[in-house]
Colleague: 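I am attaching a structure below and will ask some questions about it afterwards.
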Amino acid sequence: MKTNKFNIFYVFFALNLMLLVSGCGGYNDSAKRNLASTDEATGMMLPDSTDLGDISNPGYKAPVKNSAEEIKGVPPLEFLVSGVGYTTYSLTVKANKTIKIKFSPGVQTEKIQNTGYSPQYSIMGIYISVGNETKPTEMLKNGLNGPNGGDAEVSSVLDFSNAFTKTCSKTEATCRQDVKITISKPNNDYVCLNSGWYCPWTRVQEGHPWNGTLTVQTDDTDPI
């Protein structure tokens with residue numbers, strides 16, 4: 001019987017092809033690392049190296065930061081503010097052109113001085129002053145009666161950027177000045193909550209503690 005040279009060549013070619021495929025192992029972890037290194041060398045941004053996504057797809061595009069976005073990476077300033085009665089609370093921050101503020105009331109746990117009584121409220125609002133401007137917050141729930149407890153509401157953002165006299169020159173971008181923030185006239189629903197009088201709220205009574213969180217955006221922080 002004559003040997004078919006074409007059939008022998010075909011079988012030989014098929015065996016070599018199978019060995020080649022089994023040896024390379026497809027798109028493995030090593031290949032992922034090589035691709036990651038290549039893309040890092042070209043300056044492209046990739047997801048976490050443990051999850052490169054479908055980078056083997058020719059249509060894959062690595063996420064690129066929007067160059068027009070200014071990301072400071074500094075969270076807004078937070079201050080725990082508190083007082084007793086219808087009082088005033090002040091603090092100072094460093095700023096140049098920007099002061100924006102929001103407020104969230106806290107759940108009251110302190111006792112009236114020289115007593116064992118802790119007066120509760122579920123709604124609170126304050127007035128905030130910067131420079132020559134004073135603005136009220138909304139009356140905000142503090143989460144006292146919330147299903148999760150402590151899920152307090154947050155006020156609208158109050159912009160005081162034009163409320164204070166600028167002492168820094170417009171050409172001094174790194175200059176910062178002290179800016180005083182004052183909280184006053186705290187109101188809550190203590191009487192309504194506990195007695196049903198003067199609903200829905202009135203000024204915080206003498207000797208009654210209150211608290212909340214003030215969040216402040218300046219030139220050096222991310223927006224609020």
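Throughout, numbering of the chain's residues begins at 1 and tracks the sequence. Just so it is clear, the values below take in all heavy atoms, side chains as well, and ignore hydrogens, waters and symmetry mates. Everything quoted here is computed from the prediction, not taken from an experiment.
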Colleague: Could you check whether Lys135 makes a cation-pi contact with Phe160, meaning its NZ or CZ is under 6.0 Å from the centre of the six-membered ring and within 45° of the ring axis?
Modeller: yes

Colleague: Output the distance between atom CG (Asp159) and atom OG1 (Thr98), rounded to the nearest 0.5 Å.
Modeller: 8.0 Å

Colleague: How close do Thr213 and Val81 get, heavy atom to heavy atom, and via which atoms?
Modeller: N-CG2, 4.4 Å

Colleague: Go through the side-chain N and O atoms of Thr182 and Ser129 and say whether any donor and acceptor fall under 3.5 Å apart.
Modeller: no

Colleague: Should we say atom CG of Asn194 is surrounded by more than 12 heavy atoms from elsewhere, each under 6.0 Å from it?
Modeller: yes

Colleague: Checking Ser90 against Lys180 for the side-chain contact (heavy atoms from CB on, under 4.5 Å) test, could you report, in this order, the C-alpha distance in whole Å, the side-chain angles of both residues, the deciding distance, and whether it holds?
Modeller: CA-CA 7 Å; Ser90 296; Lys180 184 179 180 181; 3.5 Å; yes

Colleague: List the steps, then state whether side-chain contact (heavy atoms from CB on, under 4.5 Å) holds for Gln205 with Tyr190.
Modeller: CA-CA 8 Å; Gln205 294 191 8; Tyr190 166 78; 3.9 Å; yes

Colleague: Is there a side-chain contact (heavy atoms from CB on, under 4.5 Å) between Phe79 and Val93? Walk through the geometry before answering.
Modeller: CA-CA 11 Å; Phe79 301 92; Val93 299; 3.7 Å; yes

Colleague: Just wondering, do Leu77 and Thr218 contact through their side chains at under 4.5 Å, heavy atoms?
Modeller: yes

Colleague: Check Asp220 with Arg176, please: is the shortest side-chain N to carboxylate O separation under 4.0 Å?
Modeller: yes

Colleague: Given 3.5 Å as the limit, does a donor-acceptor pair link the side chain of Asn142 with the main chain of Gly106, or not?
Modeller: yes

Colleague: Locate the shortest heavy-atom distance separating Pro76 from Pro223; write the atom from each residue and the value.
Modeller: CG-O, 3.7 Å

Colleague: Less than 4.5 Å apart, side chain to side chain, heavy atoms only: is that true for Trp210 and Val84?
Modeller: no

Colleague: Do Ile128 and Tyr89 belong to the same hydrophobic cluster, where Ile, Leu, Val, Met, Phe, Trp and Tyr are linked whenever their side-chain heavy atoms lie under 4.5 Å apart, directly or via other members?
Modeller: yes

Colleague: Is any side-chain heavy atom of Val130 closer than 4.5 Å to one of Ile101?
Modeller: yes

Colleague: Might you point out which heavy atoms bring Pro209 and Tyr121 nearest each other, and give the distance in Å?
Modeller: O-CE2, 3.8 Å

Colleague: Can a donor-acceptor pair be found between the side chains of Glu110 and Ser118 at a distance below 3.5 Å?
Modeller: no

Colleague: Atom OG1 in Thr215, atom CZ in Phe103: separation rounded to 0.5 Å?
Modeller: 10.0 Å

Colleague: Kindly give the heavy-atom pair with the smallest separation between Pro186 and Thr87, and that separation in Å.
Modeller: CD-O, 3.4 Å

Colleague: For the pair Asp189 and Ser122, evaluate side chain to side chain donor-acceptor pair (under 3.5 Å) and give the outcome as yes or no after the intermediate values.
Modeller: CA-CA 6 Å; Asp189 69 336; Ser122 64; 2.5 Å; yes

Colleague: Taking atom types as modelled, find out whether Glu138 and Ser156 have a side-chain donor-acceptor pair closer than 3.5 angstrom.
Modeller: yes

Colleague: Check Pro75 against Asp222 and note the closest heavy-atom contact, atom names and distance.
Modeller: N-OD2, 4.3 Å

Colleague: OH/Tyr117 to NE2/His208 distance, rounded to the nearest 0.5 angstrom?
Modeller: 6.5 Å

Colleague: In terms of hydrophobic clustering (I, L, V, M, F, W, Y; side-chain heavy atoms under 4.5 Å; direct or indirect links), are Val74 and Val157 co-clustered?
Modeller: no

Colleague: Should Ile183 and Thr88 count as side-chain neighbours, where that means a heavy-atom distance under 4.5 Å?
Modeller: no

Colleague: Within the side chain of Gln217, is there an N or O that forms a donor-acceptor pair under 3.5 Å with the backbone of Ile224?
Modeller: yes

Colleague: If two hydrophobic side chains count as joined below 4.5 Å and joins carry through other members, does Leu214 share a cluster with Tyr127?
Modeller: no

Colleague: Does any non-hydrogen side-chain atom of Val216 lie less than 4.5 Å from one of Glu78?
Modeller: no

Colleague: Roughly how far, to the nearest 0.5 Å, is CE of Met139 from CD of Glu153?
Modeller: 10.5 Å

Colleague: Got a second to check how far Ile126's CD1 is from Asn188's CG, nearest 0.5 Å?
Modeller: 12.5 Å

Colleague: Decide whether Thr171 and Ser169 meet the rule of one side-chain donor and one side-chain acceptor closer than 3.5 Å.
Modeller: yes

Colleague: May I ask whether Leu140 and Met124 are part of the same hydrophobic cluster, defined by side-chain heavy atoms of I, L, V, M, F, W, Y residues being less than 4.5 angstrom apart, directly or through others?
Modeller: yes

Colleague: Take a 6.0 Å sphere around NZ of Lys141 and say whether it holds more than 12 heavy atoms from other residues, nucleotides or ligands.
Modeller: no

Colleague: Ignoring hydrogens and geometry, is there a side-chain-to-backbone donor-acceptor pair from Ser155 to Thr137 under 3.5 Å?
Modeller: no

Colleague: Is the closest side-chain donor-acceptor distance between Gln177 and Thr167 under 3.5 Å?
Modeller: yes

Colleague: Do Leu158 and Ile181 sit in the same hydrophobic cluster, where Ile, Leu, Val, Met, Phe, Trp and Tyr count as joined when their side-chain heavy atoms come under 4.5 Å apart?
Modeller: yes

Colleague: With rounding to the nearest 0.5 Å, note down the distance linking CD in Glu172 to NZ in Lys166.
Modeller: 14.5 Å

